[in-house]
Amino acid sequence: DAAKILIEDDDIDGAIAVLETAERRAIATREQRVWRGGQDRRRMLALCEHLRWARMMRDKSLATFSMTKDTASVLPLMEKKGNSSRGVNRSADVNPEALRLSMSALRSLDSTLRDDAGDATCAVAQAQIHLFQGNFGKARDVLQRCLHANPDDADINAALAELLVNMRQQAPKKVDATSVVSACAAALRVDPTARAPLNTLWELADNDEISGNVVQKLLLEALASCVEEQPLNCHAWVMLATMLSGWRALDGLLRRSKAT
């Protein structure tokens, strides 16, 4: 309760100190596995440590990291396209405090996920840190394990789809288009209104690697479901109108901040 009050007051360091003290006492008295509240405490500690690290990254490393293009992104600390993993590691060397905080958060999140492998919030947080370290493979493994334990979570499905898209941008030969399409399809089954998977399918609609009209058919069905759920979604309506009419000039509307 004390930690929650400190979080509400935006005192993340204070909340972490309170939670760490409670955890040390629980370990000393061997109560950490007996009381269910111990798992909740460790989860809160892990997410607070991640938040502290993420804030530092946003404040001090904006030259290297930024939000992805889609504001609905669930992996907001994804590496910019064109940056190499070496660049990520150099950034970590320049900012040892960020590296220290990331490793501390990583350990706490790993402990939490051992208690609950299907915790989507913690899995996405851990994937962000692996991406900061330039390790796309570990980020993918974390998300896939969580997805196996929690297949119906919208955030995990969307995060995995976004990760595969970014991995494909970084190294096209390592991630085939079919894997990306499958991940996007899974994300849209859980949340038909998810914008990032829709945009990805839109970009892949004319991809020569995928035979037949697989992507077009999937995208058409996804857009129909999206406008049913969100009748005022201008973005989805323009995409749907473009597909049905074949009038590619409508593409320009998709690049505007407000479609009319």
Side-chain angles (χ1 to χ4, degrees), residues 1-58 72-78 92 97-133 135-164 183 186-187 189-191 194:
D1 289 341
K4 288 178 181 178
I5 292 171
L6 289 166
I7 292 170
E8 288 174 1
D9 290 339
D10 204 29
D11 185 358
I12 303 302
D13 288 333
I16 290 173
V18 167
L19 292 165
E20 286 179 337
T21 300
E23 184 68 6
R24 284 195 296 270
R25 288 176 178 170
I27 292 172
T29 57
R30 297 183 180 179
E31 292 178 354
Q32 74 274 21
R33 294 288 176 183
V34 176
W35 180 49
R36 167 61 191 167
Q39 290 184 12
D40 296 335
R41 181 182 63 243
R42 283 191 297 280
R43 182 179 189 273
M44 187 185 295
L45 175 59
L47 291 175
C48 281
E49 288 190 14
H50 171 264
L51 177 59
R52 179 175 62 181
W53 165 77
R55 283 184 172 181
M56 171 173 282
M57 291 303 301
R58 291 191 179 101
S73 169
V74 290
L75 288 174
L77 290 172
M78 183 71 72
E97 180 64 9
L99 181 60
R100 184 186 70 80
L101 293 180
S102 72
M103 296 306 296
S104 177
L106 199 60
R107 287 191 294 269
S108 295
L109 288 164
D110 193 53
S111 175
T112 302
L113 287 168
R114 281 199 297 270
D115 290 334
D116 181 8
D119 190 325
T121 304
C122 288
V124 171
Q126 191 175 48
Q128 286 180 345
I129 297 175
H130 285 312
L131 290 172
F132 161 69
Q133 296 174 342
N135 199 325
F136 281 78
K138 284 188 177 180
R140 180 184 55 196
D141 291 345
V142 168
L143 296 177
Q144 287 178 333
R145 281 196 299 270
C146 184
L147 189 62
H148 180 74
N150 189 6
D152 295 328
D153 186 88
D155 284 344
I156 284 296
N157 277 281
L160 183 58
E162 183 185 350
L163 176 64
L164 291 177
R189 278 196 295 271
V190 177
D191 180 8

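- Proximity of a side-chain donor or acceptor of D152 to a complementary backbone N or O of V190 within less than 3.5 Å is not detected.
- With sequence neighbours excluded, no residue forms a side-chain hydrogen bond (donor to acceptor under 3.5 Å, both in side chains) with R145.
- The closest side-chain heavy-atom distance from L113 to C146 is not below 4.5 Å.
- Listed by chain and residue number, R41 satisfy the side chain to side chain contact (heavy atoms under 4.5 Å, CB included) test with A22 (two or more places apart in sequence, or in another chain).
- The salt bridge (charged side-chain N to carboxylate O under 4.0 Å, His left out) search around D1 returns none, not counting sequence neighbours.
- At distances below 3.5 Å, not a single donor-acceptor pair connects side-chain atoms of S104 with backbone N or O atoms of R100.
- Partners of A139 according to the side chain to side chain contact (heavy atoms under 4.5 Å, CB included) rule, which considers only residues two or more places apart in sequence or in another chain, are A127, H130, L131, L163.
- Among residues two or more places apart in sequence or in another chain, the side chain to side chain contact (heavy atoms under 4.5 Å, CB included) test is passed with D153 by A120, N150, D155, I156.
- Applying the side-chain hydrogen bond (donor to acceptor under 3.5 Å, both in side chains) test to D110 and every residue at least two apart in sequence or in another chain returns R114.
- Shown here are the side-chain hydrogen bond (donor to acceptor under 3.5 Å, both in side chains) partners of R43, two or more places apart in sequence or in another chain: D119.
- For the salt bridge (Lys or Arg N to Asp or Glu O under 4.0 Å) condition, the pairs that include at least one residue of residues 5-14, sequence neighbours left out, are D10-R55, D13-R52.
- Residues satisfying the side chain to side chain contact (heavy atoms under 4.5 Å, CB included) criterion with R189, sequence neighbours excluded, are A185, A186.
- At least one donor-acceptor pair under 3.5 Å links the side chain of S102 to the backbone N or O of L99.
- Residues meeting the side-chain hydrogen bond (donor to acceptor under 3.5 Å, both in side chains) test with S108, sequence neighbours left out: E49.
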